[in-house]
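Working notes, structure below.
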2 protein chains.
Amino acid sequence: MLGLREILADTMKNDQRLWRTLHVLIHMNQHQTPLTSQAIGQMLNTHPVVVRRTLAGLRKQNLIQAEKGHGGGWKLLLPLEQISLREVYAALGEPPLWVLSPVTEPRGCLVEKAVNQALDEVLQQARDWVLERFSHLTVAQIERDFQALLPFSERHCTGSHDNPST
Amino acid sequence: MLGLREILADTMKNDQRLWRTLHVLIHMNQHQTPLTSQAIGQMLNTHPVVVRRTLAGLRKQNLIQAEKGHGGGWKLLLPLEQISLREVYAALGEPPLWVLSPVTEPRGCLVEKAVNQALDEVLQQARDWVLERFSHLTVAQIERDFQALLPFSERHCTGSHDNPST
DNA sequence: CTATCATGTAACATAATAAGTTACATAAAA
DNA sequence: TTTTATGTAACTTATTATGTTACATGATAG
């Protein structure tokens with residue numbers, strides 16, 4: 001995989017696992033045949049090993065399956081209607097959402113304690129709100145959003161990575 | 001500053017600027033004399049230069065002031081009632097709140113576009129909600145929370161770093 | 001005036017983590 | 001048996017807040 005970073009000098013740092021996984025799930029749903037990590041890596045502009053690592057959690061939750069050998073690759077075990085963003089997030093190991101520190105060890109200072117309580121309350125509620133939204137948002141819904149973006153003539157075609165690329 | 005990290009093996013990575021700054025503002029309000037970066041560093045268990053760096057934004061926004069020389073240090077320019085968490089956050093340069101990627105460059109894939117739109121919508125709204133809460137939460141309110149944590153006998157004393165330490 | 005104390009800031013080192021990469025083992029199909 | 005694919009450990013890279021050192025500037029005490 002030759003110097004992707006030189007070509008696309010993205011920010012390239014933050015956690016890209018969630019959007020990458022959603023992206024892949026939808027493409028998997030639009031393919032009849034299994035998708036190899038190699039092919040997925042090209043879609044996501046990343047290394048096949050990163051793909052396997054990222055999807056491992058979903059495999060362990062039986063949301064998807066990977067088969068070895070000729071004709072192998074990744075495929076869905078559930079319809080996208082039955083996969084919410086909450087479940088994807090859980091399958092990824094519920095990685096942190098906030099950059100802000102989850103607050104350090106209490107060290108006896110009551111000012112620190114009051115500050116932490118105030119911040120925790122806001123951030124916890126925001127997290128709960130996000131997860132609630134995730135619970136009610138299926139990958140199928142995002143797939144429908146994608147289809148609405150298609151020109152009418154392609155509305156019922158297989159996908160987008162086959163032609164417009166990426 | 002000898003090996004603080006060995007003593008407190010915190011996670012020590014995430015953005016601690018917001019809670020540290022709030023912590024400091026309240027302590028500044030409880031002191032008659034200016035607080036030196038050295039003293040603040042001991043409160044926050046960090047290096048004085050980190051303190052100066054973190055507070056620089058607040059100084060530039062005229063929320064606080066720093067004086068050099070003997071008897072110098074940091075002091076408030078506004079009552080805590082007039083400083084909301086939103087303003088502190090702004091003075092810190094509005095650092096990112098989310099770990100999740102702000103989404104990469106669009107590369108033409110409509111699936112990616114739909115995924116990004118869906119995620120952006122949720123995360124943006126959550127961010128707006130947090131900032132709205134920050135707007136209506138003053139540092140003075142957190143200071144009152146702190147005072148409510150004090151034992152009754154100390155309810156009107158100066159602070160906490162003078163005795164219980166940290 | 002000068003010695004001391006304090007901030008201001010550049011420059012570099014450290015730590016944590018997702019991402020990127022290499023290497024090799026395992027399994028399935030041709 | 002060869003080829004294709006995943007599974008995974010181990011290592012490297014990139015990014016960013018933090019930690020640290022060094023030095024310049026300014027203010028006060030004597």
Side-chain angles (χ1 to χ4, degrees), chain A residues 1-21 33-41 44-60 64-75 92-93 95-102 104, chain B residues 1-21 33-41 44-60 64-75 92-93 95-102 104:
Chain A
M1 222 98 278
L2 29 98
L4 297 174
R5 313 195 59 125
E6 287 71 42
I7 301 169
L8 289 182
D10 272 13
T11 55
M12 285 294 185
K13 172 56 224 309
N14 287 357
D15 193 334
Q16 305 188 52
R17 287 174 289 185
L18 184 55
W19 78 259
R20 279 181 161 172
T21 301
T33 59
L35 284 174
T36 65
S37 300
Q38 176 85 49
I40 295 172
L44 299 181
N45 209 35
T46 187
H47 198 285
V49 174
V50 175
V51 173
R52 295 191 193 106
R53 189 194 287 154
T54 302
L55 295 183
L58 280 82
R59 188 192 59 225
K60 286 164 186 163
I64 58 181
Q65 184 182 2
E67 285 174 355
K68 298 180 176 180
H70 282 88
W74 300 86
K75 58 183 181 185
L92 290 173
L97 292 177
W98 299 109
V99 174
L100 298 185
S101 172
T104 57
Chain B
M1 221 103 271
L2 29 99
L4 296 175
R5 313 195 60 124
E6 286 71 41
I7 301 170
L8 289 183
D10 272 14
T11 54
M12 283 298 183
K13 171 58 224 310
N14 286 358
D15 194 333
Q16 305 188 49
R17 287 174 290 186
L18 184 55
W19 78 260
R20 278 180 162 174
T21 301
T33 60
L35 283 173
T36 65
S37 301
Q38 176 85 50
I40 294 171
L44 299 180
N45 211 34
T46 188
H47 198 285
V49 173
V50 175
V51 174
R52 294 191 192 107
R53 189 193 288 151
T54 302
L55 295 184
L58 281 81
R59 187 192 59 225
K60 285 164 187 163
I64 57 180
Q65 185 182 0
E67 285 174 355
K68 298 180 177 179
H70 282 90
W74 300 85
K75 58 184 182 184
L92 290 173
L97 292 178
W98 299 109
V99 173
L100 298 184
S101 173
T104 58

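Just the heavy atoms: all of them, side chains too, but no hydrogens, waters or symmetry mates, feed the values below. Owing to the predicted nature of the structure, the values given are computational and were not obtained by experimental measurement. Chain letters run A, B, ... following the sequence lines, proteins first and then strands; every chain starts at 1.
- Taking atom CG of A:N45 as the reference point, atom C1' of C:dT21 lies 15 Å away to the nearest angstrom.
- Against DNA chain D, the stretch residues 64-72 of chain A makes heavy-atom approaches under 4.0 Å through A:A66, A:E67, A:K68, A:G69, A:H70.
- Side-chain N/O atoms of A:R52 include none lying less than 4.0 angstrom from OP1 or OP2 on C:dT26.
- The closest side-chain heavy-atom distance from A:L100 to B:L18 is below 4.5 Å.
- Across the protein-nucleic acid pair, B:W19 atom CH2 and D:dT18 atom C1' stand 13 Å apart, rounded to whole Å.
- Not a single donor-acceptor contact under 3.5 angstrom links the side-chain atoms of B:R20 to the base of D:dT18.
- Look at CD1 on B:I40: it is 12 Å from C1' on C:dA6, rounded to the nearest Å.
- Between the P atom of C:dT9 and the CG atom of B:L55 lies a distance of 13 Å, rounded to the nearest Å.
- Between B:P34 and B:G71, the closest heavy-atom pair is CG-O, 3.6 Å.
- Put simply, the side chain of A:R59 does not reach to within 4.5 Å of the side chain of A:R52, judged on heavy atoms.
- If you take NE2 on A:H47 and CD1 on A:I40, they are separated by 14.0 Å, rounding to the nearest 0.5 Å.
- Where A:K60 and B:V49 each meet DNA chain D at their nearest nucleotide, the meeting point lying more 5' is that of A:K60.
- With sequence neighbours left out, B:T36 forms a side chain to side chain contact (heavy atoms under 4.5 Å, CB included) with B:Q38, B:A39.
- Helix-axis bend for the helix from C:dC1-D:dG30 to C:dA30-D:dT1: the local axis fitted to the five terminal pairs at one end deviates from that at the other end by 10°, rounded to 10°.
- Summarising the geometry of A:L44 relative to A:R20, their closest heavy-atom pair is O-NH2, 3.6 Å, with the distance given to 0.1 Å.
- Taking CZ of B:R53 as the reference point, atom OG1 of B:T46 lies at 8.5 Å (rounded to 0.5 Å).
- For the atom pair CH2 (B:W74) and CG (B:L35), the distance works out to 11.0 Å, reported to the nearest 0.5 Å.
- For the OP1/OP2 pair of C:dG20 and a distance below 4.0 Å, the side-chain nitrogens and oxygens of A:T46 include at least one atom meeting the criterion.
- Contacts of B:R53 with the nucleic acid, taken as non-hydrogen atoms under 4.0 Å apart, include base atoms.
- Remark: C1' of C:dC5 and CD of B:Q38 are 11 Å apart, rounded to the nearest angstrom.
- Rounded to an integer number of Å, the gap from CG of A:L58 to P of D:dG7 is 12 Å.
- In this structure, A:H47 places its NE2 atom 17 Å from P of D:dT8, rounding to the nearest Å.
- Side-chain contact check for B:L92 versus B:D15: every heavy-atom pair is 4.5 Å or farther apart.
- Here D:dT15 presents its P atom at 24 Å from CH2 of B:W98, a figure rounded to the nearest Å.
- For A:R59, counting side-chain heavy atoms from C-beta on, the closest listed nucleotide (D:dT6, D:dT21, D:dT18) is D:dT6.
- Within the structure, a side-chain polar atom (N or O) of A:S37 is placed less than 4.0 Å from OP1 or OP2 of D:dT6.
- With rounding to the nearest 0.5 Å, the separation of OG1 in B:T21 from CG in B:L55 is 5.5 Å.
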